[in-house]
Amino acid sequence: MQGPSYSATELLARLVHFDTTSHRSNMPLVRFVEDYLAQHGIASQLVPSEDGAKASLYATIGPAAIAGVALSGHTDVVPVEGQTWSSDPFVLAERNGRLFGRGTADMKGFLACVLAAVPRYLQRKLAVPIHLAFSYDEEVGCLGVRPLIAELGGRFVRPRVVIVGEPTSMSVVDAHKGPVRWHVHITGRAAHSSMAPLGVNAIAVAGRLLAELARIEQELMAKPRDERFDPPYATLQATRIDGGTATNIVPVSCRLDFDVRALPGVDIAAIDRRLRDFAATECLPDMRKVAPEAGIDIAIANEVPPFASGSASEAVELALFLAGQNETYAVSYATEAGLFQAAGSPAVVVGPGDIAQAHTADEWIAEEQIDKCMAFLDRLGEWAERGAPVH
Ligand SMILES: [Zn+2]
């Protein structure tokens, strides 16, 4: 079937025009992609969110029954609220070789290149299939891709290699940290501050937990370093605190959030256990002597696993071959690569655009990056047609 053929830049303009800020529906964009693929004779399969307002899209070019190479990216973008833009963030604007618009770098530029490559892939007789895996809600904790990953090995053939097209300036990234976020809620007992012994001060308990968190942070810093990362250790930071009612009331409640950026190999469960043990043995007995209803609720709100390809990864080998490079990098930002890797699909991160422009006002991608990505994807087509092992 001879469907329409557009340049990556034309497709990027279309994709940018959909306001897919994470809290909004991505369905108009998904319908556009579904329609575009249908015009090329490619069927899309959707993995909808529970409320049906969003969906991931999965599609295969080439022999569907064989494990192939998945090109993975998210359709959502971060908000523009509070940012000052020189032009409409949802209208692609070209200035001096740069394409401006929300999501140009992170990561509609990659999606546009993939869609532009589709007619080229169809002209080849692919021996190895190429899958498109477009997800949602990445920017709010890699949420949307998880139900899609759950279908791998079932409804969808588990890919042999997953290329995650987050902006790396087309460098090959084989490791990243994993962000884990905790919510802690401390419940004490309110009392007049002049009658302090009748109350349980939730803020004071938060202070004790903060001291324990600082000790854990020191221990993480003292662990063997991985100099490929900047900083070369796992960080732990209390990031939000909110408690108390009035200046003359012993606070009944305090909420505390903290965030760990884990290196590959850091034991998240051990950190969680450590804080729970501290709360149970060092805080709660004193609290409950005064107020049996007192409690400390500790919960992991979101966890994106760190990513390490391991040595001799076919995904990394293939990406280096396609990019014509021989060096890999580690980054501190997170992607869904760790989730794919954990699900049994070797992953690698390589995509157009610079992470420095992601999430900023006047986000842009260099046209030269789009060209580089198209060359990379063309080489993938050649390779998939040959069906040869990587070399
Ligand atoms: Zn992204």
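Remember, it's 1-based here, ligands and their atoms both numbered in the order they're listed.
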Aromatic ring pairing Phe156/Tyr58, orientation class (parallel under 30°, perpendicular over 60°, tilted between):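 Answer is parallel, since the angle falls under 30°.
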
N, O or S of Glu139 under 2.8 Å from the Zn ion (ligand 1):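 Not a single backbone or side-chain N, O or S atom of Glu139 is under 2.8 Å from the Zn ion (ligand 1).
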
N, O or S from Glu166 under 2.8 Å to the Zn ion (ligand 1):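 Given the 2.8 Å cut-off, Glu166 counts as a ligand of the Zn ion (ligand 1).
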
From Trp182 atom CH2 to Leu213 atom CG, the distance as rounded to the nearest 0.5 Å: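 CG of Leu213 is found 9.0 Å from CH2 of Trp182.
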
Spacing of Ile268 atom CD1 and Arg273 atom CZ [to the nearest 0.5 Å]: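 Taking CD1 in Ile268 and CZ in Arg273, the distance rounds to 11.5 Å.
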
His17, NE2 atom: more than 12 neighbouring heavy atoms under 6.0 Å: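 At most 12 heavy atoms, drawn from other residues, nucleotides or ligands, come within 6.0 Å of this atom.
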
Atom of Asp106 closest to the Zn ion (ligand 1), considering N, O or S atoms: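 Considering only N, O and S atoms, Asp106 comes nearest to the Zn ion (ligand 1) through OD1.
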
